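Bear in mind the structure is a predicted one, so any value in this text is a computation, not a measurement. The residues of the chain are indexed from 1 along the displayed sequence.
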Amino acid sequence: MTTTTTGYNPDLVPTGMEGGVDTNALPWIETPQAPGWRIKPLRASRESGVFSAIVGLDAGVALRPAVHLGATDLFVLSGRMRYTQEPLAATIETGTWGYIPANARIEGLEVDEETELLMNFFGPVAFLGADGHSVTSILTALDIQAAAQANGLALVPNTLAECMVPRPQNSVLAPAPLRITEHAANQLLMTAENQTEGATTHPHFVDTRAFDFFSNPNRPGFGIKVLRVSEETGHVSMIIRHIGVAGPHFHLGAGDFLVINGRIGYRAGPPEGYGSGVWFYEPAGARHEATQQLGDEDLIYTANIYGPIQFDDGPGTPITTVSSWMQYKATAEIAGTPMVANVFEGDTSLLAWAPLGSDAAASKGAVR
């Protein structure tokens, strides 16, 4: 029997924007639960607790110590911070991508320049008090939902079923375009291609500008920088340069994407496509008949792939290939990409449950 691609989601009639949001049209929202942060809420899941946001940090801010109760990934779109905690002091600036494992304690971050980050949180973040132990606030997916609702914003749908429900219009009084929409800031994000020295700035972080895109001869028109591969979850994080046309495919697992340069022709969207600052979430089972670059500029976007992608030649045709973490890991090994690790020795905190003064608290070791 020949396996074909008869629709997993035959009821979905894509409009081009049901899974995306132009972050430039969103306001900055003050977030009391996360001291020193401003956010643009993008997605929040009541099922898994995962949430995504653009985070803004003002120059001169020293961030509160925090424990990431779930993992977090981030991409610095503009600005610069310094990680002052020895022995891992480092500068984290425009173009840096990072991964923070679950239960890691982060402290010693000082913001040198106004900074904007894309962040995906796979669980809550607990912010600590002046004593370095007490928890003063916790940021969760419910807080993101509440912030969006209070400001008249519609979050991106989490499932195909939600995509089929009309989304209300955002009632935005003070849209705040991202700095990457400015030519100078965008060019800074794109600089330093082909520079291989200093690519890894910290065990948690890698400077994505310090190495070039890898082009697979079997997929002309595409270049990728593989940043992290999890053999535990199958999650893959990348930056993609997309010059050709991506043929018909199903996202068997979800994915999220932020356009950082150029314009993307997406689903049944407008002829001019979508430009820098547009963020998309593809729920598991979503399908593209074609995705392509529009205009003369290179189309470059971030990509988190949370499961395999199945390719075919059109509706009802046989499956041609399935790409998963295994292929991306092999690509990274061939390219010699300095991927971020998934866990770090000694980089965990028992703060959430260990009583102060106990042996467990005393032995939590080199938390950072």
**Item:** Residues K40, E116: salt bridge by 4.0 Å N-O rule
**Value:** no
Heavy atoms, side chains only, cut-off 4.5 Å: are [X] and [Y] in contact?
X	Y	answer
H204	P101	yes
N261	D298	yes
L128	V135	yes
D256	Y306	yes
L74	I100	yes
W37	L57	yes
R43	L155	no
Y328	I224	yes

**Request:** Could you please spell out the steps behind the side-chain contact (heavy atoms from CB on, under 4.5 Å) verdict for L42 and L118?
**Result:** CA-CA 10 Å; L42 305 177; L118 170 65; 4.1 Å; yes
**Item:** Steps toward side-chain contact (heavy atoms from CB on, under 4.5 Å) verdict (W279, I54)
**Value:** CA-CA 10 Å; W279 185 83; I54 302 289; 5.9 Å; no
Count I, L, V, M, F, W, Y as connected when their side-chain heavy atoms are under 4.5 Å apart, and connections chain through other members. Are [X] and [Y] then in the same cluster?
X	Y	value
V50	I144	no
I138	L142	no
M326	I240	yes
L294	L299	no
V236	F214	no

**Request:** Report yes or no: do N158 and Y281 form a side-chain donor-acceptor pair below 3.5 Å?
**Result:** no
**Request:** Determine whether the side chains of S52 and N120 contain a donor N or O and an acceptor N or O closer than 3.5 Å.
**Result:** yes
Mind checking the [atom1]-[atom2] spacing from [X] to [Y]? Nearest 0.5 Å is all I need.
X	Y	atom1	atom2	result
T208	F75	OG1	CZ	4.0 Å
I180	L188	CD1	CG	12.0 Å
L189	I239	CG	CD1	7.5 Å
T140	R46	OG1	CZ	10.0 Å
R263	S276	CZ	OG	8.0 Å
L178	I260	CG	CD1	11.5 Å

So, for [X] and [Y], which heavy atoms are closest and what is the spacing to 0.1 Å?
X	Y	value
S137	P32	OG-O, 4.5 Å
D207	T94	OD1-O, 4.5 Å
R287	G314	NH2-C, 3.6 Å
V226	M339	O-CG, 3.4 Å
I243	Q293	O-OE1, 3.0 Å
V229	N342	O-ND2, 3.1 Å

**Request:** Give a yes or no on this: more than 12 heavy atoms of other residues, nucleotides or ligands lie within 6.0 Å of atom CD of E162.
**Result:** yes
**Message:** Tell me whether the count of non-hydrogen atoms from other residues, nucleotides or ligands lying under 6.0 Å of CD in E272 goes above 12.
**Reply:** yes
**Message:** I want to know whether Y301 and F280 have ring centres closer than 6.0 Å.
**Reply:** no
Please answer whether the main-chain N or O of [Y] pairs with a side-chain N or O of [X] as donor and acceptor at a distance below 3.5 Å.
X	Y	answer
Q327	S324	yes
T31	A34	no
D22	N24	yes
T23	G277	yes
T321	F311	no
T84	G108	yes

Name the orientation class of the two ring planes belonging to [X] and [Y] (parallel below 30°, tilted from 30 to 60°, perpendicular beyond 60°).
X	Y	answer
Y99	W97	parallel
H242	F222	tilted
F121	H68	parallel

**Prompt:** Can L258 and L77 be said to form a side-chain contact (heavy atoms from CB on, under 4.5 Å), step by step?
**Reply:** CA-CA 10 Å; L258 177 72; L77 301 171; 3.7 Å; yes
**Request:** For S237 and N304, run side-chain hydrogen bond (donor to acceptor under 3.5 Å, both in side chains): C-alpha distance rounded to whole Å, both residues' side-chain angles, the deciding distance at 0.1 Å, then the answer.
**Result:** CA-CA 5 Å; S237 296; N304 279 321; 2.5 Å; yes
**Request:** Compute both the distance and the angle, then confirm whether R64 meets the cation-pi test with F127: under 6.0 Å from the six-membered ring centre, within 45 degrees of the axis.
**Result:** no
**Request:** Give the intermediate values and the outcome of side-chain contact (heavy atoms from CB on, under 4.5 Å) for residues F211 and V206.
**Result:** CA-CA 10 Å; F211 52 97; V206 62; 3.9 Å; yes
